[in-house]
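None of these values were measured; they are calculated from a predicted model.
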Amino acid sequence: MALSDEERSRFEELELRFAIEDSERAPRLQHPNFPHPPRRRKAAVIMIVVGMLTVITSIALSAPAIGVAGFVIMVAGGIVGTPPPPPEQRDTSPPGPTRPSGPQSSTKPL
């Protein structure tokens, strides 16, 4: 269903206003369906298929070591194909404890 000229202009006005008000999030929302490059997706699919074929071959040859290698290839393909979490869900805090280490005194100085 196509938008009328009035609806299209209202929509463009809303987009512009949103881009001005929330300049940090606006670029990410332009292409929400493509979280990472298609090249990476293709590599993941190829790795998973090669891993499956390796597992099937290991079953035919009765070679469990080859089957384990095929499983590792499949898992690696799944990791490659998994998109990274959105920036607001990433943990940006430094690693390690957040409190100072060592004994804490609960008494106040005199």
Side-chain angles (χ1 to χ4, degrees):
M1 184 171 160
L3 298 175
S4 68
D5 290 335
E6 181 184 344
E7 291 171 331
R8 190 174 297 124
S9 65
R10 285 171 133 184
F11 184 70
E12 288 171 358
E13 181 184 331
L14 284 171
E15 274 185 328
L16 181 63
R17 209 176 320 154
F18 176 70
I20 291 170
E21 290 175 3
D22 198 357
S23 60
E24 182 181 316
R25 220 177 262 165
R28 273 192 308 131
L29 295 178
Q30 289 177 355
H31 301 287
N33 296 330
F34 302 105
H36 58 287
R39 183 183 272 178
R40 194 166 170 167
R41 246 181 275 144
K42 287 179 187 176
V45 169
I46 290 170
M47 289 175 74
I48 291 171
V49 169
V50 167
M52 285 181 177
L53 291 174
T54 306
V55 169
I56 292 170
T57 303
S58 76
I59 293 170
L61 298 175
S62 297
I66 296 173
V68 170
F71 182 76
V72 169
I73 293 171
M74 285 192 297
V75 170
I79 291 171
V80 167
T82 304
E88 65 266 0
Q89 291 181 358
R90 291 184 187 155
D91 185 19
T92 56
S93 62
T98 55
R99 288 192 240 164
S101 60
Q104 299 290 323
S105 174
S106 61
T107 60
K108 294 182 182 179
L110 297 175

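Of the inter-residue distances, the one linking I79 atom CD1 with M47 atom CE reads 8.5 Å to the nearest 0.5 angstrom. Put simply, CZ on F11 and CD on E6 are 15.0 Å apart, with the number rounded to the nearest 0.5 Å. Atom CD of E7 is separated from atom OG of S4 by 3.5 Å, given to the nearest 0.5 angstrom.
The nearest pair of heavy atoms linking A44 to G77 is CB-O, 3.2 Å. Contact between P64 and S62 at its shortest, heavy atoms only, is CD-O, 3.6 Å.
Cluster annotation: L61 is not connected to V72 through the hydrophobic network of ILVMFWY side chains, with a link wherever side-chain heavy atoms come within less than 4.5 Å. Under the 4.5 Å side-chain heavy-atom criterion for Ile, Leu, Val, Met, Phe, Trp and Tyr, V75 and I48 are members of the same hydrophobic cluster. Using a 4.5 Å cut-off between side-chain heavy atoms of Ile, Leu, Val, Met, Phe, Trp and Tyr, with links allowed through other members, L53 and I66 fall into different hydrophobic clusters.
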Derivation and outcome, salt bridge (Lys or Arg N to Asp or Glu O under 4.0 Å), residues R17 and E13: CA-CA 6 Å; R17 209 176 320 154; E13 181 184 331; 2.9 Å; yes
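Using a distance-only test at 3.5 Å, with no hydrogens or angles considered, a donor-acceptor pair links the side chain of R40 to the main chain of V80.
Counting non-hydrogen atoms of other residues, nucleotides and ligands closer than 6.0 Å to CE of M74 gives a total above 12.
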